[in-house]
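One structure is given below, encoded as structure tokens.
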Amino acid sequence: MEIKNKEITSRDEDFAQWYTDVCKKAELMDYSEVKGFIIYRPYGYAIWEEIQNYLNKEFKKTGHENVYLPLVINESLFNKEKEHVEGFAPETLIATIGGKEELQDRLIIRPTSECLFTNHFSHIIKSYRDLPKLYNQWCSVVRREKTTRPFLRGSEFLWQEGHTMHATPVEAKEETLRMLDIYDKMGRDLLAIPFVKGRKTEKEKFAGAEETYSIEALMHDGKALQSGTTHYFGDGFSKAFGVQYLDKDGALKYPYQTSWGVSTRLIGSIIMVHGDDNGLVLPPYVAPIQVVIIPIQMNKEGVLKKCREIKELLENNGVRVKLDDSDKTPGWKFSEYEMKGIPLRIEIGPKDIEKNHLVIVHRVDRTKEFVEIDDNLVNKIKLEFKEIHEKMYKKALAQLLDSVTEIHSLDELEAALNKGGYAKMMWCGDVDCENKIKELYQATARCIPFDQIPFDDVCPVCGKKAKYVVLFARAY
RNA sequence: CGGGGCGUAGCGUAGCUUGGUAUCGCGUCAGUUUUGGGAACUGAAGGCCGCUGGUUCAAAUCCAGUCGCCCCGACCA
């Protein structure tokens, strides 16, 4: 039975419009009066809270502490690291007036907090005993963007930014990769999104970083989305901000630094990886509501009572449940909660009560089954979550693997990019070739993946000797 | 920042060419009947027609300015 949602544009018809429809209709966000600044509605914010819960546990397991630093950076401080300033200056929002006075040192609303952290570190790191410093901050940052889209690119977005200081480059580099692994694991265990891990090219790396790594996700329309980054800074910021400590050997030394972050852009990834023509599809472990119970003929004797009983049972066992006992029709509720992507639906009507079972339906593929109400019910529901999660991950992984095309010439590159997904090619490492591809095909180097298995000798752009396997794609 | 489009009720819109006090649908509220894939009927509330100024007896409509949003490019998590 094909049942199609009438309020959401289909993905094939207009993917951009589909995306906007889902954001609005699933009540994740609303537009505000100011371009690029969105309202995170309770349901959208709750997804972010699940991500926070997951990451806070992982961060704390690995010894990180949460802190909070100011919203604003005085301009003179911001200007200390040259590359960093050049990278961010074009998109900063600056406060110039306080009350009625014009400010002497203007206040930059943080686009990222490397300057603030490094400056603070210079005050608190004096001895090798103060290292490592492993800090994380949950906050929002502001970057003036020309083109904005909900969750994908906004003038303000919510994120976490980790900032750490280490005694040695080796230790700092390990941290950079450790955090990338945590992000990757989050994709596998929480978001059901397979990421491609890799290193950014010189052209694509973060302003001021020596090395940038990223996790890249593939959207349903074949475009890539950078979903998280980690950076190794060497001692560049340390030197610029004068962070020095006295080591065991009595020498003054500069510590080595990292930073890493994921943002509410992850919500965009979830939408565009898993969503379908009926709306959002949420993986169970990140879903703010995991189960929605819909009573059928709820004025009939015992229906609501049974619904409440099941709700309480699941809730007491740590399942996030909503019972919709509003007077909307069941059909309306089915559509509504599919639009909102709730992974598992339970229907309870007079017929079910008679037979002592529940009807359960998976959002991802609408598979429907009857589950007997017995002492093992909670475990059965939890197994359903596992099954749904695995289904969603496998589906996304198949799509990702299917999208990778090995290419050996510019023609093949163009064809692969037009098809969508990743074009895997050998590359000489020269930025000119990156620029040429950008210009010709509007695609960028997403990353130099960790899996480096060469399959050709020359760069198809310039014909010179190839150094790396690299993935190109059109990206958000 | 270039090119295009659009601002009328919470949302989507008609009206604008040819000035005369705003149309329709969805939603909202109340009531009754309904309920296994977006229910039906009856009644009701809701508008500085983006903003400012001008023309006019009279402006959603004409003129000027201004603000904002959306789409496509260049820049970016």
Side-chain angles (χ1 to χ4, degrees), chain A residues 1-8 14-17 19-21 24-25 30-38 86-92 111-112 140-161 183 200 203-207 209 212-217 224-231 259-269 278-279 294-300 303-304 324-339 345-353 358-359 361 366 368 370 435 438-439 442 444 446 475-476:
Chain A
M1 172 174 46
E2 197 47 45
I3 303 152
K4 173 72 190 73
N5 191 296
K6 290 169 247 166
E7 295 189 22
I8 298 175
D14 182 345
F15 194 79
Q17 189 58 49
Y19 179 79
T20 310
D21 286 352
K24 294 289 301 273
K25 296 284 161 56
D30 197 8
Y31 290 101
S32 78
E33 299 306 309
V34 184
K35 179 186 166 68
F37 291 82
I38 61 165
E86 282 171 7
F88 279 102
E91 49 184 83
T92 53
T112 180
S140 75
V141 287
V142 170
R143 300 176 188 180
R144 219 37 216 177
E145 295 286 354
K146 305 285 194 320
T147 304
T148 61
R149 303 193 61 192
F151 303 121
L152 300 179
R153 167 155 296 108
S155 293
E156 180 188 20
F157 55 92
L158 308 182
W159 78 349
Q160 59 71 214
E161 47 179 329
Y183 293 154
K200 286 285 180 187
K203 176 179 158 72
E204 298 288 328
K205 78 177 190 189
F206 182 80
T212 291
Y213 298 89
S214 76
I215 46 168
E216 301 281 330
L225 181 67
Q226 178 176 309
S227 301
T229 48
T230 72
H231 314 289
S259 79
W260 27 273
V262 294
S263 71
T264 38
R265 179 180 263 190
L266 286 173
I267 297 172
S269 287
N278 295 307
I294 298 179
I296 311 293
Q297 297 183 46
M298 62 183 182
N299 56 355
K300 291 273 166 63
V303 171
L304 267 180
D324 188 344
D325 57 1
S326 71
D327 57 7
K328 300 280 190 194
T329 63
W332 186 91
K333 292 175 187 173
F334 295 163
S335 300
E336 178 69 10
Y337 296 107
E338 280 181 1
M339 209 145 68
R345 173 171 92 220
I346 293 179
E347 303 171 18
I348 301 176
K351 284 186 265 176
D352 308 302
I353 292 172
L358 307 168
V359 177
V361 181
R366 280 202 182 123
K368 189 167 184 169
F370 297 100
N435 288 335
K438 178 82 196 278
E439 198 182 309
Q442 302 81 48
T444 48
R446 299 322 304 156
Y476 278 98

Show each protein N/O and nucleotides 2-12 of chain B N/O combination with a separation under 3.5 Å, one pair to a line.
none

### Query
Dot-bracket for RNA chain B: what is it, with Watson-Crick or G-U pairs under 3.5 Å, [ ] where a pair crosses earlier ones, and | for a pair to another strand?
(((((((..(((.......[...))).((((((.....)))))).....(((((..]....))))))))))))....

### Message
Test salt bridge (Lys or Arg N to Asp or Glu O under 4.0 Å) on A/Glu91 and A/Arg144; report intermediate values, then the result.
### Response
CA-CA 5 Å; A/Glu91 49 184 83; A/Arg144 219 37 216 177; over 6 Å; no

### Task
Sequence neighbours left out, what passes ring pair (Phe, Tyr, Trp, His ring centres under 6.0 Å) with A/Tyr213? Give chain and number order.
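A/Tyr213: ring pair (Phe, Tyr, Trp, His ring centres under 6.0 Å) contacts with A/Phe450.
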
#### Entry: Listed nucleotide nearest any side-chain atom of A/Glu145, set B/C75, B/G36, B/G37
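Looking only at heavy atoms from C-beta outward on A/Glu145, the closest nucleotide is B/C75.
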
List the residues meeting salt bridge (Lys or Arg N to Asp or Glu O under 4.0 Å) with [X], not counting sequence neighbours, and say none if there are none.
| X | result |
| --- | --- |
| A/Arg143 | none |
| A/Lys24 | A/Asp30 |
| A/Glu161 | none |
| A/Glu145 | A/Arg153 |

Mind checking side chain to side chain contact (heavy atoms under 4.5 Å, CB included) for [X] and listing every partner two or more places apart, or none if nothing turns up?
| X | value |
| --- | --- |
| A/Lys351 | none |
| A/Lys146 | none |
| A/Thr147 | none |
| A/Thr212 | A/Lys200, A/Lys205, A/Phe206, A/Ala209, A/Thr229, A/His231 |

Are any protein N/O atoms closer than 3.5 Å to N/O atoms in nucleotides 27-31 of chain B? If there are, list each pair with its distance.
from, atom 1, to, atom 2, distance (Å)
B/U28, OP1, A/Lys328, NZ, 3.2

